[in-house]
Asks: 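The structure under discussion is supplied below as structure tokens; questions concerning it will follow.
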Amino acid sequence: MSEKVMVSKEVAEAINFANVKETEGLAKKISRWHGMTKEEQEDLVFDSLMRVYNDEENGGFYDYYGNEKMKLIYKAFPTIRLFVRTLDKGYEIEQTPEDIIKVRFNAMERIVQGSDRDSDYDYAKGCTNGILTTLETLGMEIKGVNC
């Protein structure tokens with residue numbers, strides 16, 4: 001079970017926010033912080049995050065940091081085991097459908113602009129036109145694609 005956990009962009013922001021706040025807070029509280037190894041510092045931050053996660057009866061992350069995004073942590077990680085795994089193994093940010101379309105569109109645009117072969121150009125141009133037509137039909141706008 002060494003694979004990273006997939007999280008939304010919002011959950012990743014909440015985790016990063018909590019991690020930064022804990023690191024800053026501990027650095028101010030612990031006089032020997034700067035003499036510690038990076039691993040020792042990370043262990044203290046991890047322990048502190050676990051304490052806040054487990055203090056749900058006192059509001060947990062939300063009340064502790066006063067940030068609405070912190071509620072996302074409990075929704076994304078209903079068990080402490082999953083939260084620990086995420087902190088330990090890391091996480092990857094899920095791509096939204098809009099992100100996926102933008103990546104595909106930009107890849108096809110590069111082919112259209114740099115293709116020496118008619119078949120590559122025709123295929124890529126068809127893909128970009130199809131994406132644009134679909135977005136127009138659905139009334140959707142994606143920054144970097146059609147707006």
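Throughout, residue positions are numbered sequentially from 1 according to the sequence presented.
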Asks: Out of curiosity, Glu92 CD to Glu94 CD, how far, rounded to the nearest 0.5 Å?
Replies: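 These two atoms lie 10.0 Å from each other.
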Asks: With no hydrogens and no angle check, is any side-chain donor or acceptor of Glu24 less than 3.5 Å from a backbone partner on Lys21?
Replies: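 Between the backbone of Lys21 and the side chain of Glu24 there is no qualifying donor-acceptor contact (under 3.5 Å).
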Asks: Do you know which two heavy atoms are closest between Met108 and Ala124, and how far apart they sit?
Replies: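 Of all heavy-atom pairs spanning Met108 and Ala124, the closest is O-CB, 3.5 Å.
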Asks: If you group Ile, Leu, Val, Met, Phe, Trp and Tyr by side-chain heavy-atom gaps below 4.5 Å, do Leu135 and Ile100 land in one group?
Replies: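 The answer is no; the residues belong to distinct hydrophobic clusters.
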Asks: With a 4.5 Å cut-off on side-chain heavy-atom distances among I, L, V, M, F, W and Y, is there a chain of contacts connecting Ile93 to Phe83?
Replies: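 As far as the 4.5 Å side-chain criterion goes, Phe83 and Ile93 are connected within one cluster.
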Asks: Side-chain heavy atoms under 4.5 angstrom apart, residues restricted to Ile, Leu, Val, Met, Phe, Trp, Tyr: same cluster for Leu132 and Met140?
Replies: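 In one cluster with Leu132: Met140, yes.
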Asks: Evaluate the criterion side chain to side chain contact (heavy atoms under 4.5 Å, CB included) for residue pair Tyr123 and Ile111; output intermediate values, then yes/no.
Replies: CA-CA 9 Å; Tyr123 174 77; Ile111 292 171; 5.9 Å; no
Asks: Quick check for you: to the nearest 0.5 Å, what is the distance between Leu44 atom CG and Glu39 atom CD?
Replies: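 The distance works out to 11.5 Å.
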Asks: State whether the side chain of Asn146 and the backbone N or O of Ile142 hold a donor-acceptor pair below 3.5 Å, judged by distance alone.
Replies: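 A pair under 3.5 Å: yes.
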Asks: Taking all non-hydrogen atoms of both residues into account, name the closest pair between Val84 and Met50 and its distance.
Replies: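 Smallest interatomic distance, heavy atoms only, reads CG2-SD, 3.3 Å.
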Asks: Which pair of heavy atoms, one from Phe77 and one from Val7, lies closest together, and at what distance?
Replies: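 Taking every non-hydrogen atom into account, CZ-CG1, 3.8 Å.
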Asks: Any chance CD of Glu136 has more than 12 other-residue heavy atoms, nucleotides or ligands included, within less than 6.0 Å?
Replies: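 No, not enclosed.
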Asks: Identify the heavy atoms of Lys4 and Lys89 that sit nearest to each other, and give their distance.
Replies: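 Nearest pair, atom of Lys4 first, then Lys89: CG-O, 3.5 Å.
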Asks: Would a single hydrophobic cluster contain both Val20 and Trp33, if residues Ile, Leu, Val, Met, Phe, Trp and Tyr are joined by side-chain heavy-atom contacts under 4.5 Å?
Replies: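 No; Val20 is not reachable from Trp33 via cluster members.
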Asks: Quick one: does any side-chain atom of Thr133 pair with a main-chain N or O of Gly130 as donor and acceptor, under 3.5 Å?
Replies: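 A pair under 3.5 Å: no.
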Asks: From Glu42 CD over to Asn19 CG, what is the distance, rounded to the nearest 0.5 angstrom?
Replies: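 Interatomic distance, Glu42 CD to Asn19 CG, rounded to 0.5 Å: 8.5 Å.
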Asks: Within this structure, what is the NZ-OG distance for the pair Lys75 and Ser8, rounded to the nearest 0.5 Å?
Replies: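 Taking NZ in Lys75 and OG in Ser8, the distance rounds to 11.0 Å.
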Asks: Using side-chain contact (heavy atoms from CB on, under 4.5 Å) as the criterion, point out the one residue from Ile15, Leu82, Val11 that pairs with Val5.
Replies: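 Only one option passes, and that is Leu82.
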Asks: For Arg32, which residues count as a side chain to side chain donor-acceptor pair (under 3.5 Å) partner, sequence neighbours excluded?
Replies: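 If we apply the side chain to side chain donor-acceptor pair (under 3.5 Å) test to Arg32, skipping adjacent residues, there are no hits.
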Asks: In Å and rounded to the nearest 0.5 Å, what is the CD to OG1 distance from Gln113 to Thr128?
Replies: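 It comes to 9.5 Å.
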Asks: Under a plain distance cut-off of 3.5 Å, with no hydrogens placed, do Asp99 and Thr96 share a side-chain donor-acceptor pair?
Replies: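 Yes, a side-chain donor-acceptor pair sits under 3.5 Å.
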Asks: Please report the shortest heavy-atom distance between Lys102 and Gly144, naming the atom on each side.
Replies: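 So the minimum-distance heavy-atom pair works out to CE-CA, 4.1 Å.
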Asks: Please tell me whether Ile30 and Leu49 are part of a single hydrophobic cluster in this structure, the criterion being side-chain heavy atoms less than 4.5 Å apart.
Replies: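 Shared cluster, yes.
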Asks: So, taking the atom named CD in Glu22 and the one named CZ in Phe17, what distance separates them when rounded to the nearest 0.5 Å?
Replies: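 Rounded to the nearest 0.5 Å, the CD-CZ separation comes to 10.5 Å.
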